[in-house]
Structures are given as structure tokens and as C-alpha cells.
Amino acid sequence: MESSNSTKKDVAIRQKLKDYGLRYSKPREAILSIFGERKQHISAEKLFQELKERGEELSLSTVYLNLRVLSTAGLLREFQGGNGETVFDNNTSPHDHLVCKVCGTVTDIPLTYIENASIHRQLHANAKQYAKGWNIDEPDLILQGICPTCRT
């Protein structure tokens, strides 16, 4: 018998898919369930491994396909991580990232500072001047360095 907490989570995922104009599927539910439990960025390969460990029988191509669909719909954000691999983020609010060049750890930087917001406005203005004819959705600032763990 399913717990009521699990049922509420399933209903919430189904509603979220519907809100974003996507049909429900078991792979999408499994993927969004993992993103709902963690606040980390994850690659398709790592997500595939985690799904496999949970007993989900999905192919890597199914994981990739659904991640792209969820990203295109706006449920996930896709970008290049520290090791050059594509990672996915369920925090779709405007924010920047710190990326460790050694271990690839990615950390969100929320846009809560006036200075940071003005940097975004300036980047956006400069990008529009430079990239004539482009339709720029939002600037995405990725700061690279070495995290405290790798420094020690």
C-alpha cells in the first residue's frame, strides 16, 4: 500500500506536468521525483544511475529525451557543468552558478544582491548590442574556480 505522502507527491508531479502542458509518463514522474528530493545539479548519466539503483527500468536515451522535454517546457534548466558535461537544475528562477574546475560541483548563486542584478542588466544590454538579431532570454553567469573542498 502506498503512503499518503507518496500519493501527494505523485499528484503534485502530475499537476506540475499538466501546468506546463506536458502529458504524464512514468519516466517523467521518476525523474521529477528525484529532482524534488535533491537540491543538486545532476547529469543525465548520474540521474540514470540513480534511477537504476531505485529499480526504475529506463534506458539512458529515455532519460536524455525526458530531460530535454522537461527543460524545453521550463521545468528544468540545462547548462554546462564544471567538467564540460551537461547538467540539469530544477531551480528555474533566475540565478547564477559557481562551478568547481576540479570536481565539477555546481552551486547556485541567488540573485538577491543589487550588484548581481545590475550585472545581469548590464550583461543583457551588452549582449543585445553585440549579438544583433539574437533573441536573448536571460544572461547566465557561470563563475569557475576551485571549491573549498578541493582547495584543501
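These numbers were taken from a predicted model, which means no experiment stands behind them.
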Rounded distance [0.5 Å steps], [atom1] in [X] versus [atom2] in [Y]:
X	Y	atom1	atom2	result
L67	F88	CG	CZ	4.5 Å
R28	Y24	CZ	OH	11.0 Å
I42	T86	CD1	OG1	13.5 Å
I31	E50	CD1	CD	11.5 Å
L98	T105	CG	OG1	10.5 Å
N90	L75	CG	CG	9.5 Å

Notebook entry, point to check: Do T149 and V102 come close enough that some side-chain heavy atom pair is under 4.5 Å?
Noted result: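 With C-beta onward as the side chain, the pair stays apart.
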Margin query: Out of the candidates L17, I13, D19, only one should pair with Q15 under the side-chain contact (heavy atoms from CB on, under 4.5 Å) rule; please name it.
Written below: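 Answer after filtering L17, I13, D19: D19.
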Check the hydrophobic clustering (I, L, V, M, F, W, Y; side-chain heavy atoms under 4.5 Å; chains of links allowed) and say if [X] and [Y] are grouped together.
X	Y	value
V63	L65	no
V69	L60	yes
I146	V99	no

Closest heavy-atom contact between [X] and [Y]?
X	Y	value
A30	L51	CB-CD2, 3.7 Å
C100	C147	SG-N, 3.4 Å
T92	G74	CG2-O, 3.3 Å
D108	N91	OD2-ND2, 3.1 Å
S43	K46	OG-N, 3.1 Å
S93	R77	O-NH1, 3.5 Å

Next item on the list: Could you walk me through whether F35 and L47 pass the side-chain contact (heavy atoms from CB on, under 4.5 Å) test, one step at a time?
Entry: CA-CA 9 Å; F35 275 103; L47 179 63; 4.1 Å; yes
Notebook entry, point to check: Should we say atom CD of E57 is surrounded by more than 12 heavy atoms from elsewhere, each under 6.0 Å from it?
Noted result: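 Not more than 12 within 6.0 Å, no.
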Item checked: Residues in side-chain contact (heavy atoms from CB on, under 4.5 Å) contact with F79, at least two apart in sequence or another chain ->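 Here the qualifying residues are H41, V87, D89, H97, V106, D140, I142.
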Item checked: Which residues share a salt bridge (charged side-chain N to carboxylate O under 4.0 Å, His left out) with R151, sequence neighbours left out ->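 In terms of salt bridge (charged side-chain N to carboxylate O under 4.0 Å, His left out), with neighbours along the sequence ignored, R151 is linked to no residue.
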Next item on the list: Assess the side chains of E45 and Y64: does a donor N or O sit below 3.5 Å from an acceptor N or O?
Entry: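 Y64 and E45 do have a side-chain donor-acceptor pair below 3.5 Å.
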